[in-house]
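Here is how names work: the chains are called A, B, and so on, in the same order as the sequence lines, proteins then strands, and each is numbered from 1.
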Number of protein chains: 2
Amino acid sequence: MPQVTEEIPHPAREQLELSAVLHALSEPVRLDMVARLAACELDDEPTCGSFDVAVTKSTCTHHFKVLREAGVIRQRQRGTARLNTLRRDDLEARFPGLLDAVLRSAVVHG
Amino acid sequence: MPQVTEEIPHPAREQLELSAVLHALSEPVRLDMVARLAACELDDEPTCGSFDVAVTKSTCTHHFKVLREAGVIRQRQRGTARLNTLRRDDLEARFPGLLDAVLRSAVVHG
DNA sequence: GCACTCGTACGATGGTTGTCGTACAAGCGA
DNA sequence: TCGCTTGTACGACAACCATCGTACGAGTGC
């Protein structure tokens, strides 16, 4: 049977919008998620539950959805778990230097 | 008598918050304002009215206020006019590379 | 003085959003 | 099989926000 790895909708690289990305990153909880994701090894794909954020599960789902729809992260399903990765390459291609600048600032100040 | 140039409240450099800056820049109208401001000569200080944006005066005032309170721009009064400048140095000091990355992306894609 | 311009302040309004609780679907493991 | 875990979906709710119109205060120029 076919492996179900990508039934979750994601915007294509060319469709990424600066406003949406900035808006997604302007939320402290989401920025925290992205910073943690960025701190992971390249081949590591943490699940949603592995993020120890100060909100409930449903709020967490909401934030991941915002990040995914803005094109900041990519999600794929494995069993009941949902694996998350930063879309570094796509972001870098569309908005060179942006993610690095945000992450550097986010890490330095709280 | 003292010249009244700075009775308008601005956050200090150390008080600038990444979330607030990203949020301010995530609005297309405001991003447009900032991009125009960035395109000005260094010694040029355009007034609020010189921005040909697609919103009414009061909405314009609102957006300038958001940008000012986030620390993205500085405003000073001269007569009835209000002169605007980008806080390039402060932004660069707190969030190195961020403004440039945003502006570069904003200019490239509409 | 008087009209005009610049920009703010205030209130209203409709849309967006961050948060949560509950219910549910799907896989994992004993 | 029977829980347990993962995460989503949906509804609710309060807070926020972008927008506008109107009214106003303060300079500017005739």
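Of the candidate nucleotides C:dT8, D:dT6, C:dG18, D:dT6 has the atom nearest to the side chain of A:A81. Closest contact between the side chain of B:H63 and the listed nucleotides C:dT19, D:dA18, D:dT8 involves D:dA18.
One distance of note links CG of A:D90 with CZ of A:F95; it measures 10.0 Å at 0.5 Å rounding.
DNA chain C is contacted by both B:S50 and A:G79; B:S50 maps to the nucleotide lying nearer its 5′ end (nearest heavy atom per residue). If A:T80 and A:T59 are placed on DNA chain C by their nearest nucleotide, the residue sitting closer to the 5' end is A:T59.
Contact annotation: A:R78 side-chain N/O to D:dT6 OP1/OP2 distance is not under 4.0 Å. Phosphate proximity of D:dC20 to B:T56: present, with a side-chain N or O under 4.0 Å from OP1 or OP2. Here A:R82 reaches the OP1 or OP2 of D:dT8: one of its side-chain N or O atoms lies under 4.0 Å away. Residue B:T47 places at least one side-chain N or O under 4.0 Å from the OP1 or OP2 atom of C:dG7. In terms of phosphate contacts, B:T61 brings no side-chain nitrogen or oxygen within less than 4.0 Å of OP1 or OP2 of C:dA9.
Here A:H62 lies in heavy-atom contact (under 4.0 Å) with a base.
Ion pairing between a basic and an acidic side chain is recognised when a charged N comes within 4.0 Å of a carboxylate O; B:E45 and B:R76 show such pairing. Ion pair B:R94/B:E14 not flagged as a salt bridge, since none of the NZ, NE, NH1 or NH2 atoms sits closer than 4.0 Å to an Asp/Glu carboxylate oxygen. In summary, B:D32 and B:R36 engage in a salt bridge, as defined by a charged side-chain N under 4.0 Å from a carboxylate O.
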